[in-house]
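Read through the structure below, which is laid out as structure tokens, and then see the notes.
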2 protein chains.
Amino acid sequence: MVNDNKVIKGSLTTIILKLLEDNGRMYGYEMTKAVKERTNDSINITEAALYPALHKLVEEGLLTTETEIVNGRLRKYYSLTKEGKKETKAKVDALTSALESIQFILNPKLSNG
Amino acid sequence: MVNDNKVIKGSLTTIILKLLEDNGRMYGYEMTKAVKERTNDSINITEAALYPALHKLVEEGLLTTETEIVNGRLRKYYSLTKEGKKETKAKVDALTSALESIQFILNPKLSNG
DNA sequence: CTTATATACATAATAAAATTAGGTATAAAA
DNA sequence: TTTTATACCTAATTTTATTATGTATATAAG
């Protein structure tokens, strides 16, 4: 996942959860486009990383799916379960503070930590 | 590496390079303590992740080592090579912008991207 | 009408990176 | 004398992402 330059691994799951928290319901392909757009092309989630991650989240009970056919093509919508919503908050908080810590190491002057 | 909660992978190499850029010369154990201190215990680099990463950076020609005996114990100091200094700038920039992109997804209101 | 692009899902093999779980050894403090 | 801190290290496993494919429909371009 993430970035043409191959930085930042391990945050894909949290990003997925956050997208679903913000948008209620999304399908995989839509997520890749949303992240690309939101980050001005700097983060590019590959489908090969995304789909297995989504399947794992379903397995873990954090997401549920509904499949629909739209314009003759299949779409698999994902939403957060109750447990998924709780986990989202926890993971977003953890990732946010971890990012701040790393930024503090990289740029102590610009950081607020 | 990094954080008791297992977030943020893939940034260890950049963190090492940045520490050496700031401090000129450090040994492995010192790096783990420095990061722990700088981040108020939130980032905990494990030695099992650190040492292989250091060895790889030496292999790649980005670091050199000098071994000394201090207080009867071995210390292996690492410093940046010329190429290492160049790479540090590139990697710090790349990681910084990647962190910002992710933060923008997690907290659009607080971000400046 | 046919080819290319966009949409939309997916997996298999491999590689990269970190975790878990050890191991060695000296110095200093309890 | 046992524990804690210092200081290095690796092997096996797991996790996560990459590379490389594969299927299939809709739409736009030539």
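Naming convention: chains lettered A, B, ... in sequence-line order (proteins, then strands); numbering from 1 in each chain. FYI, side chains are in, hydrogens and waters are out, and symmetry mates aren't considered; it's all heavy atoms of this structure.
- Nearest nucleotide to the side chain of A:Lys56, out of C:dA12, D:dT16, D:dC8: D:dT16.
- Partners of B:Lys89 under the salt bridge (Lys or Arg N to Asp or Glu O under 4.0 Å) rule, at least two apart in sequence or in another chain, are B:Glu21.
- Considering only residues two or more places apart in sequence or on other chains, A:Ala34 meets the side-chain contact (heavy atoms from CB on, under 4.5 Å) condition with A:Met26.
- Side chain of B:Asn23 to backbone of B:Leu19: a donor-acceptor contact under 3.5 angstrom is found.
- For B:Tyr51, whose side chain is taken as the heavy atoms from C-beta onward, the closest listed nucleotide among C:dT11, D:dC8, C:dA17 is D:dC8.
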List the atom pairs, donor and acceptor, that lie under 3.5 Å between side-chain atoms in residues 54-66 of chain A and the rest of the protein, sequence neighbours left out.
| residue | atom | partner | partner atom | Å |
| --- | --- | --- | --- | --- |
| A:His55 | ND1 | A:Tyr51 | O | 3.3 |

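- Residue A:Leu50 contributes atom CG, which lies 17 Å from atom C1' of D:dT15 at whole-angstrom precision.
- In this structure, the side-chain hydrogen bond (donor to acceptor under 3.5 Å, both in side chains) partners of A:Asp22, at least two apart in sequence or on a different chain, are A:Lys18, A:Arg38.
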Just the atom pairs and distances: protein N or O near nucleotides 12-14 of chain D's N or O, under 3.5 Å.
none

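- Listed by residue number, A:Arg73, A:Leu74, A:Arg75 are the residues of residues 67-75 of chain A with a heavy-atom contact under 4.0 Å to DNA chain C.
- For the segment residues 18-33 of chain A, no residue has any heavy atom less than 4.0 angstrom from an atom of DNA chain D.
- In this structure, B:Leu12 atom CG and D:dT15 atom P are separated by 20 Å, rounded to whole Å.
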For B:Glu68 and B:Arg25, run salt bridge (charged side-chain N to carboxylate O under 4.0 Å, His left out): C-alpha distance rounded to whole Å, both residues' side-chain angles, the deciding distance at 0.1 Å, then the answer.
CA-CA 12 Å; B:Glu68 288 177 25; B:Arg25 201 175 83 130; 3.1 Å; yes
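- The NZ atom of B:Lys76 sits 8 Å away from the P atom of D:dT10 (whole-angstrom rounding).
- Across the protein-nucleic acid pair, B:Glu60 atom CD and C:dA16 atom P stand 10 Å apart, rounded to whole Å.
- With hydrogens and angles ignored, a donor-acceptor pair under 3.5 angstrom links the side chain of A:Glu47 to the base of C:dC9.
- Listed here is the closest heavy atom pair of B:Ser79 and B:Gly24: CB-O, 3.7 Å.
- Between the C1' atom of D:dT6 and the OH atom of B:Tyr77 lies a distance of 12 Å, rounded to the nearest Å.
- For the salt bridge (charged side-chain N to carboxylate O under 4.0 Å, His left out) condition, no pair includes a residue of residues 75-84 of chain A, sequence neighbours left out.
- One interatomic measurement links the two molecules: CD of B:Glu59 to P of C:dA17, which rounds to 12 Å at whole-angstrom precision.
- The salt bridge (Lys or Arg N to Asp or Glu O under 4.0 Å) search around A:Glu37 returns none, not counting sequence neighbours.
- Atom CD of B:Glu66 is separated from atom C1' of D:dC8 by 17 Å (rounded to the nearest Å).
- Spacing between atom NE2 of B:His55 and atom C1' of C:dA17 amounts to 16 Å, rounded to whole angstrom units.
- When atom types are taken as modelled, the side chain of A:Thr81 and the backbone of A:Gly84 share a donor-acceptor pair closer than 3.5 angstrom.
- Screening residues 10-39 of chain B for ring pair (Phe, Tyr, Trp, His ring centres under 6.0 Å) gives B:Tyr27-B:Tyr77 as the qualifying pairs, with residues at least two apart or on separate chains.
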